[in-house]
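Just so it is clear, the structure is predicted and the values come from calculations on it, not from any experiment. Residue numbering restarts at 1 for every chain, and letters A, B, ... go by the order of the sequence lines.
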Amino acid sequence: MGDFNPQDFEKKWQKVWDEKGIFNTPQRSEKPKYYNLVMFPYPSGTLHVGHAKNYVIGDVIARYKRMNGYNVLNPFGYDSFGLPAENAAIKHGNVHPEEWTLKNIEIIRNQIKTLGMSYDWNREVITCSEEYYKWTQWIFTKMFEKGLAYKKKGAVNWCPSCNTVLANEQVVNGHCERCGTEVELKQLEQWYLKITDYAERLLNDIDKLEGWPENVKTMQRNWIGKSRGAEVTFAIEGSDEKLTVFTTRPDTLFGVTFMALAPESPLVESLTKPEMKEEVSDFLKRISLEDRFKRTAEGAKKEGIFTGSYAVNPVNNEKIPIYVANYILYEYGTGAIMAVPAHDQRDYEFAKEYGISIKTVIKPADCDPDLSEKAYTEDGVMVNSGKFDGMNNRKAIEKMFDWLKENEIGNETIQYKLRDWLISRQRYWGAPIPIVYCDDCGAVAVPEEQLPVKLPKDVKFESTGKSPLVDHRDFYETTCPKCGKKARREVDTMDTFVDSSWYYLRYVNPKMSEKPFDTDDANYWLPVDQYIGGVEHAILHLLYSRFITKVIHDMGYINFDEPFKNLFTQGMIYKDGAKMSKSKGNVVSPEDTIKRYGTDSLRTYTLFIGPPEKDAEWNDSGIEGIYRFMNRVWNMYEKIIPVIKDTEYNDNIVLKTKEEKDLRRKLHQMIEKITRDIEGSFQFNTAVSGLMELSNELNSYLNNVDENIWNKELLKEIAEKFVIMLSPMSPHITEELWHKMGKDYLILDAKWPKTDKKALVVDELNIVVQVNGKVRGTVSVSSGAAEAEVKETAFSDERIMKFIKDKEIIKIIYVPKKLLNIVVKG
RNA sequence: GCCCGGGUGGCGGAACUGGUAGACGCUACGGACUUAAAAUCCGUUGGGUAGAGAUACUCGUGUGGGUUCAAGUCCCACCCCGGGCACCA
């Protein structure tokens, strides 16, 4: 058979799989469908072994499901619009983003192919291709028709380094999610998708996502941020204007001692009294120079200024001063609050700073609240609150909703933290927003027959980062699709998260030219049975995809409204304690690794490195260990194959010796374990160790039992089932060994083995014997032994008797087939 | 501050519903093979005490308490690490 040399056969089998088109999935099949999906990459250069982890996990599942009789759809593609391509064009002068991107795709495709992935390459999807972004634009126009895409002016996040606006989700602690630059606020007119219309459903349907990790679901719930509360309207003294606030704590209404407006609120202008104009405008000026993220961060100093106006508290007609305060968010609620310093820490700090009175309306059951240092935010009993006095405050909240309504003071409402999704990007390398501005007709969507709105190729990139579309006459000069008059095209492109929010649908009909996908086909294949990717997309991509799926569902194109049934988020691979990156120089390349150890070792080590959902440190001697394992397997088969070639076996193999029984039991224990590890919990690390255990046992059988009395049937059974179980992880070596055993079909078409329960039966059991809970020995009894027999055996064992004699036996606990605990005294 | 994870040998990590802690792999050490080395193979590898030795005893899963015949696993309090949210009224 020769030495183990993965280079001798890995390429060979990849070619065979490719030529046979074995991974090309039929649209329909007798078999049940299984849609297995890995998050597609942004083609920014070359992949490292950290990226590979995602694909390896996905491939194990795909191959495993296939061997279990499923028609598996396992596609791959590229999220290929985006800034790096454009930045490369700016940096390197003449490279067009498309050229740069396609070149990278080429590199990555080849890398992926050397990893032996079982993708259906006929379904490859490239989001920057005209065939794809035509349909991204189409989705936009459909949403525009429904009023789900709209343009509005407002404060937006601007990244000065990326030279574009960002969605809320793309701002992390006031910094650009991509490049880390501090984000600025700008007033701009931009396109939005109305994700807030779906807030309630996006929240509720999280409960349907049983196959999603809890942490991701929690993150999404927090991000949507639903609060139930009341809108309460306050009259303004000496004015017809009203001031409406949102509160989740209507029980504290009697404790309001001031009102506060966000500095951006237009009410500031109208409510400021002439004598306060100068001071207020000085304050606003100062605030506007401050960084908004710092200003509104928790722990920032509370600052504000009195407007001179007073509101009237509708519950008790008290006169309440109105302030402008830096801690009020204009975007949330009504941009104004009622402040209850006694029971809200933020209001408390503000009141202390400006000497505003603090009025207790909730107190602990048996004493007064201590308000000397902080607000009392616990529950308690209502006081100073008219007819609500004496009531538990939680109860009072419920009563208050009704009372406000009856007296026409306010209403129960719901607020969300989620904001609409800003999708305009002032960049070139994205799908153009398919809108034309006409002086007469306004913003008009480009009709389907004129899609795609193509990106012009003859563009020059400026070092300022300004989009070349802005000055590209041939692009922006157009005619109105409605009236035919001269009109101007929108020059902004879409956020690339729009591209990736529907790609899983395109895989179903990747080449269809008349529609984005076929409804029947989509309903057949989706939702995705297993989605695999990084946690970093917990909110962004996964929330957007859920939203777009619901929109497309509501339009009647699909019959499901959640895209991903099961989600698995894998951990990252680190090297030298840091994420792999070119700049840190700690990248482990798959090519070098494959050259040295082969693809199978790379794949299997990636799985063996630790629990797949956790981050792990790449260790060169770890992969050495896997390589040694591969070698041992190879050498074992070299011994076995000539012996078993002409042997047949079935489940009734005659086992003559204890060694044979033990060995077959080990095999079936491992079938049970490995199946459970893969199917139930994605514990590939323990699945691999199970295979190692099995190979160790087999090896010692081969070494310790004379070759003349080897049980050939048993060896054949193990030889076959072992490679089948190893094949999802190490498809090449197993394919090679499979054929060396004389098989005339691919191992991928083999059936996953089933546990033979009778192989698991043991004749002799080792029962642990404890005295007072401490292990003092084990006794061996026949598997059918009753409690009495176990006791008898234990008591006749002198090592155990040593601890019992001369002592009073209090009780004996017997756990069948496992353990005997003798409790003694004295 | 709040919400999730998680703390187990020299290291990565095992341990099903409480029932022999440390599977599997790495490292290190010892041995075999070799002129030598690499590779390979065999053995040892949580700490302590006793013993020449097989072995015996004892302590051990972040810390302190508790429940239980029995706790890495359950309960209470605390410490540390990772992640998410964070003035959302």
Please work out which residues in residues 326-335 of chain A have a non-hydrogen atom less than 4.0 Å from an atom of RNA chain B and list them by number. A:Tyr327, A:Ile328, A:Leu329, A:Tyr332
Within the 4.0 Å heavy-atom criterion, would you say [X] contacts the bases, only the backbone, or no part of the nucleic acid?
| X | answer |
| --- | --- |
| A:Val768 | base |
| A:Asp347 | nothing |
| A:Phe4 | nothing |
| A:Gln683 | sugar-phosphate |
| A:Lys302 | base |
| A:Arg628 | sugar-phosphate |
| A:Arg419 | base |
| A:Asn635 | nothing |
| A:Gly625 | sugar-phosphate |
| A:Val775 | sugar-phosphate |
| A:Glu693 | sugar-phosphate |

Syn or anti for B:G9? Use the chi torsion, O4'-C1'-N9-C4 for purines and O4'-C1'-N1-C2 for pyrimidines, with syn inside 90° of 0. syn
Quiz question: going by heavy-atom distance under 3.5 Å, is there a donor-acceptor pair between the base of B:C69 and the side chain of A:Asn821? yes
Examine the base of B:G5 for any acceptor or donor lying under 3.5 Å from a partner atom in the side chain of A:Glu214, and report the outcome as yes or no. no
For A:Asn703 and A:Ala300, take the nucleotide of RNA chain B holding the closest heavy atom to each; which residue's nucleotide lies nearer the 5' end? A:Asn703
Residue met sooner reading RNA chain B from 5', once A:Ser621 and A:Thr248 are mapped to nucleotides: A:Ser621
May I ask you to test the A:Asn54-A:Phe568 pair for a side-chain heavy-atom distance under 4.5 Å? no
Decide yes or no for A:Tyr327 and A:Ile337: does some side-chain heavy atom of the first lie under 4.5 Å from some side-chain heavy atom of the second? yes
Once the angle between the rings of A:Trp421 and A:Tyr544 is folded into 0 to 90°, is it parallel (under 30°), tilted (30 to 60°) or perpendicular (over 60°)? parallel
Mate of B:A21 where both pairing distances stay under 3.5 Å, Watson-Crick or G-U: none
Between [M] and [N] - [atom1] atom distance, rounded Å:
| N | M | atom1 | result |
| --- | --- | --- | --- |
| B:G43 | B:A23 | P | 15 Å |
| B:G6 | B:C59 | C1' | 25 Å |
| B:A56 | B:U44 | P | 16 Å |
| B:U45 | B:G84 | P | 42 Å |
| B:G22 | B:G46 | C1' | 8 Å |

Might you work through the side chain to side chain contact (heavy atoms under 4.5 Å, CB included) test for A:Val588 and A:Met580, ending with a clear yes or no? CA-CA 8 Å; A:Val588 180; A:Met580 285 187 198; 3.8 Å; yes
Looking at A:Glu303 and A:Arg286, is any side-chain nitrogen of the basic one under 4.0 Å from a carboxylate oxygen of the acidic one? yes
